[in-house]
Protein chains: 4
Amino acid sequence: MERQALEPRSPRGRATKATLVAAARRVFEREGFPATHIAEIAAEAGVATGSFYTYFNDKNEIFAAVMDEVQEEMLHPVLSEPPAGSGPVAMIEAANRAYLESYRRNARLMGLLEQVATIDDEFRELRRQRWIAFAKRNAGSIARLQEQGLADTGLDPYLAATALSAMVSRVAYSNYVLGEEAPLETLVETLTRLWASALRLPDEG
Amino acid sequence: MERQALEPRSPRGRATKATLVAAARRVFEREGFPATHIAEIAAEAGVATGSFYTYFNDKNEIFAAVMDEVQEEMLHPVLSEPPAGSGPVAMIEAANRAYLESYRRNARLMGLLEQVATIDDEFRELRRQRWIAFAKRNAGSIARLQEQGLADTGLDPYLAATALSAMVSRVAYSNYVLGEEAPLETLVETLTRLWASALRLPDEG
Amino acid sequence: MERQALEPRSPRGRATKATLVAAARRVFEREGFPATHIAEIAAEAGVATGSFYTYFNDKNEIFAAVMDEVQEEMLHPVLSEPPAGSGPVAMIEAANRAYLESYRRNARLMGLLEQVATIDDEFRELRRQRWIAFAKRNAGSIARLQEQGLADTGLDPYLAATALSAMVSRVAYSNYVLGEEAPLETLVETLTRLWASALRLPDEG
Amino acid sequence: MERQALEPRSPRGRATKATLVAAARRVFEREGFPATHIAEIAAEAGVATGSFYTYFNDKNEIFAAVMDEVQEEMLHPVLSEPPAGSGPVAMIEAANRAYLESYRRNARLMGLLEQVATIDDEFRELRRQRWIAFAKRNAGSIARLQEQGLADTGLDPYLAATALSAMVSRVAYSNYVLGEEAPLETLVETLTRLWASALRLPDEG
DNA sequence: AATGAATGAGGTTTCATTCAT
DNA sequence: TATGAATGAAACCTCATTCAT
């Protein structure tokens, strides 16, 4: 036999699996990763302990399923669109606001991912990959600004992007996971101002 | 006989306790917090399992002892002194360099603290306190620069300090714990430039 | 609704049952008795787990069905016929050869029967019955030889038959199940010679 | 940590380990290998379940310990010595009697070994090694008889030894494990006569 | 007849903590 | 103080069997 973890073949099975993922999400948020036990997920889902193993091999596997859902939600934020045709500062502001908002919405689980990443190599790598992708995107936009003569050309675009992204994500973590609780708009404003100045962007009208 | 956790009275006791802390540090670094077991700490120290409880009530307690040691080391860095009488940028640079160097020296344990902070409320609070103290110090120095008309007065000093410190600490974490590995001098240079620009400090020299 | 285990009524049912027995045989040979699980038999047969219970109540029952098939095969060996009208030694030789050949053909399952017999009383009894029948047949032929003054009359025919049959079957087991691997003809020759001498049969031509 | 299974360091520990082995022996004899559960061994020994794991990693390990004890007992049988200076038949008789007696004494556990050997490769190999050693010893003595012109030189000594030993051991198994129950003396007599005749040894006085 | 999801009792194993010596 | 054996509550995971569809 070796392993199982089947994909459900019937609607009923699909429903049960979904119920389990939803239940797991709640328990993880409530208890944190180490204190979450298989039996409790099953109980929360209203199924027998054994049924958990019909769909997942272990806690990691269902955690990954939960995080997939979360990522989905973070990728499709209800965008407060950057005003088309606006300048780079406005775009940075829009990006920062979008990031902080979606982070706030999923604060518990973002904290959880942070937690698990410190414990489990598999998830550490996952987070690292996402982070690199994110930084590269920002690096590209910084490089473009440099080419347009708008941003400080004395900066390495990738390093600068990493550092500034780190700043934003860490502030988000502090506020929404650790509970520092400054108002969103203040954060957006400060971070955007710091970011723009750090790049030495010219003031926008 | 509710509790114990004696302070050692004899020299022999003191030696044993020290041995345990040193052993714990090694095991924590090797295994991470959750995978470190009391029995293994005792074995590493070459004492019986039961002896652990002569000095500590649980894993948290010895972890705190280890972190105290580390903090000691981080507070007394072999300073690359900021050139006396130099300008603010040079001071920021010196501070960043000092921070990154001491972080690098204790990378494993800083990662550990991060890890434990996500798991245990007690340590989360501890880290938060340290963080606030650190940010306040930086906030003070930003406020002073503002008063001197050197730094952007449009920034809230405390928020700005928090954000910029977050940037530096997160970059340190990425590099030395997750293993991104950019050269120290490049990091110092980039972070300092970003920090100075973010505050809109005038160019030095 | 205490029990089930229907005899299939439709051709489709008969086909499914046969598929299950064939699948079980393969799984038993591959995994051994204790490591064979109902679910795997069903999977190997390409039917749902539940369908197993339409035809069998448990693992023992399907194992019995498999062993029936095997017995069938062992009873109809492609006989290397004993030369008609030949002497007793030639007949013993033919019997030994036939036994070893069919044992070799079904080595995996003979080992399996051995295995299960050590675990399950039901099968132990089954094997014992077969063994007694076999020994009695041999006892009869020894008694006949004694009456003809050809075999050692100092031997109890049943005991002698048991012991000599034990010798042959154990050698077969050693070779084909445990993998000792002496050539068939050498085995036949040695066993026959020992058997004949043990009975003090006169040399044949 | 990885593993444990310590050798006891105190007399108390040694006592407990011995108690566990003795208890395991009783439970194995009573229940057979697959039906023996760790918890029951511990209960029979009057210790907590967890204590089992202080000394053994799993069921196999304690079973090996039990079998070591048994082997010890079988190697030091209370010998019914072969009459010094007697002929080969008397020696064969003495050997057969000794073998059957010690087999009878440890019948349950010999059956157990047979059982486990069919299930577990480790023990199968162990039994095979013992068997080969035993057969080689017998082969040597047959070869010697051949050199003296006393035994049938048409036989391969190793094959003959294997086959005749198989006969004896299988008869022992039948009688004492499966419960065929012929009287010891009858068995000794018959087996010895068959063995001697099979080798065509000359009648002894 | 067939399906495959659901069950849950039953076993194994771990490890923080206690305690007699 | 030091020892290290003993404890036992948890947690994990398996798999034969049932059952609604």
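Per chain, numbering begins at 1; letters A, B, ... match sequence-line order.
Here dG10(E) presents its P atom at 16 Å from NZ of Lys59(D), a figure rounded to the nearest Å. Atom CG of Asp58(D) is separated from atom P of dT14(E) by 10 Å (rounded to the nearest Å). Counting to the nearest Å, the P atom of dT12(E) and the CD atom of Glu40(D) are 10 Å from each other. Arg14(B) has its CZ atom 9 Å from the P atom of dT1(F), to the nearest Å. If you measure from atom CD1 of Ile38(B) to atom P of dA2(F), you get 16 Å, rounded to the nearest angstrom. To the nearest angstrom, C1' of dA2(F) lies 11 Å from CG of Leu20(B). Whole-Å rounding puts the Glu61(D) CD to dT13(E) P distance at 11 Å. Going from atom CG of Asn60(D) over to atom C1' of dT12(E) covers 14 Å, rounded to whole Å.
When each of Asn106(D), Ile62(D), Leu113(D) is paired with Met67(D), the side chain to side chain contact (heavy atoms under 4.5 Å, CB included) condition holds for Leu113(D) and for no other.
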Atom pairs, N/O to N/O, protein against nucleotides 3-5 of chain F, distance under 3.5 Å?
unit_1, atom_1, unit_2, atom_2, d
dT3(F), OP2, Ala48(B), N, 3.2
dT3(F), OP2, Ser51(B), OG, 3.3
dG4(F), N7, Gly50(B), N, 3.2
dA5(F), OP1, Arg9(D), N, 3.0
dA5(F), OP1, Ser10(D), N, 3.4

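Figure legend: cation-pi geometry between Lys59(A) and Phe52(A) absent, as NZ or CZ is not positioned both under 6.0 Å from the six-membered ring centre and within 45° of its axis.
Looking at Arg26(D) and Glu29(D), no side-chain N of the basic residue comes within less than 4.0 Å of a carboxylate O on the acidic one, giving no salt bridge.
Annotation: the span from Glu44(B) atom CD to Glu31(B) atom CD amounts to 9.0 Å, rounded to 0.5 Å. Here the straight-line distance linking atom OG1 of Thr118(C) with atom CZ of Arg127(C) works out to 8.0 Å at 0.5 Å rounding. Distance check, rounded to the nearest 0.5 Å: CD of Glu114(B) to CD of Glu114(A) gives 7.0 Å.
Neither OP1 nor OP2 of dT14(F) sits under 4.0 Å from any side-chain N or O of Tyr53(A). In this structure, His37(D) does not reach the dG10(E) phosphate: none of its side-chain N or O atoms is under 4.0 Å from OP1 or OP2.
Other residues, nucleotides and ligands contribute only 12 or fewer heavy atoms inside 6.0 Å of the CZ atom of Arg9(A).
Phe123(D) and Phe63(D) have perpendicular rings, their planes meeting at more than 60° on a 0 to 90° scale where under 30° would count as parallel.
Annotation: side-chain contact (heavy atoms from CB on, under 4.5 Å) contacts of Thr16(A) (sequence neighbours excluded): Leu20(A), Val47(A), Tyr55(A).
Comparing Pro11(C) and Thr36(D) by the nucleotide of DNA chain E that holds the closest heavy atom to each, the one mapping nearer the 5' end is Pro11(C).
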DNA chain F in dot-bracket, Watson-Crick or G-U pairs under 3.5 Å, [ ] crossing, | other strand? .||||||||||||||||||||
